[in-house]
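This is a predicted model, so every value here is computed, not measured. All ligand and atom numbering here is 1-based and tracks the order in the structure.
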Amino acid sequence: MGSSFSWSRPVLINVSTLLHEPVGHARRYRVEHEPVAVPEAGFAQEISGSLRLIRSERGVLVSAALDLAPVRVQCGRCLEMFETPLAVEFDEEYILDHDPITGRRVELEGDEFRIDARRHLDLSEAIRQYEESALPLRSLCRAGCRGLCPHCGHNLNTGPCGCAAAESDDRWSPLAHLQERPSTEDGDGAPEA
Ligand SMILES: [Zn+2]
Ligand SMILES: [Zn+2]
């Protein structure tokens, strides 16, 4: 299926055939690990999922449901970098400057996505924007991230630092030393290799 659909790098969809079809005609495609890139923004990604392209009055409406390659982000609690999967869904219309059938000029409203003169549609910039809004404002590396010790900055996911014992130390308490028993916990309990 999709003989009129061709990828090049960065990913471009040739919509010249669809543009000669009546408004409402649609195609659906599956993509697997196709690269997208906006070099001037330093953006490169890979998309997998489904795309539906519908001929609209002004061009092509793209409905996308895509998984992106995992993105490196910083944990908001322990500050470690980790990879998080991201998915985006969007509907965006890509606008022609001239209708290929009537030759009539299509009025643009400004900040719209464009179909280029060779009838190619590039999803890269839309994916860049939707990835940005899909990034969580505060991500955690794991559900129970223990964060950093507020006293010494030690990453508590790797084990206790000893400040907890010192904090609860009360110099007037004769029993203080009893709290300083060694911990047998080993961090998050993950099995050691
Ligand atoms: Zn963390
Ligand atoms: Zn500490």
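Cluster membership check: I54 does not share its hydrophobic cluster with L51, using side-chain heavy-atom separations under 4.5 Å among Ile, Leu, Val, Met, Phe, Trp and Tyr.
Taking 2.8 Å as the criterion, H151 does not count as a coordinating residue of the Zn ion (ligand 2), since none of its N, O or S atoms falls below it. The Zn ion (ligand 2) lies under 2.8 Å from an N, O or S atom belonging to C161.
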Cut-off 3.5 Å, no hydrogens considered: what does the side-chain donor-acceptor table look like for residues 68-77, sequence neighbours left out?
unit_1	atom_1	unit_2	atom_2	d
Q74	NE2	L79	O	3.0
R77	NH1	C145	O	2.8

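T158 contributes atom OG1, which lies 10.0 Å from atom CZ of R146 (distance to the nearest 0.5 angstrom). Annotation: the span from E112 atom CD to I95 atom CD1 amounts to 4.5 Å, rounded to 0.5 Å.
The closest side-chain heavy-atom distance from V62 to L121 is below 4.5 Å.
When SG of C149 and SG of C152 are joined through the Zn ion (ligand 2), the resulting angle is 110° to the nearest 10°.
Within the structure, salt bridge (charged side-chain N to carboxylate O under 4.0 Å, His left out) pairs that include any residue of residues 79-98 comprise R58-E93, D97-R114 (at least two apart or interchain).
A search for side chain to side chain contact (heavy atoms under 4.5 Å, CB included) contacts involving Q129 returns F113, E125, not counting sequence neighbours.
Protein N/O/S atoms nearer than 2.8 Å to the Zn ion (ligand 1) total 4.
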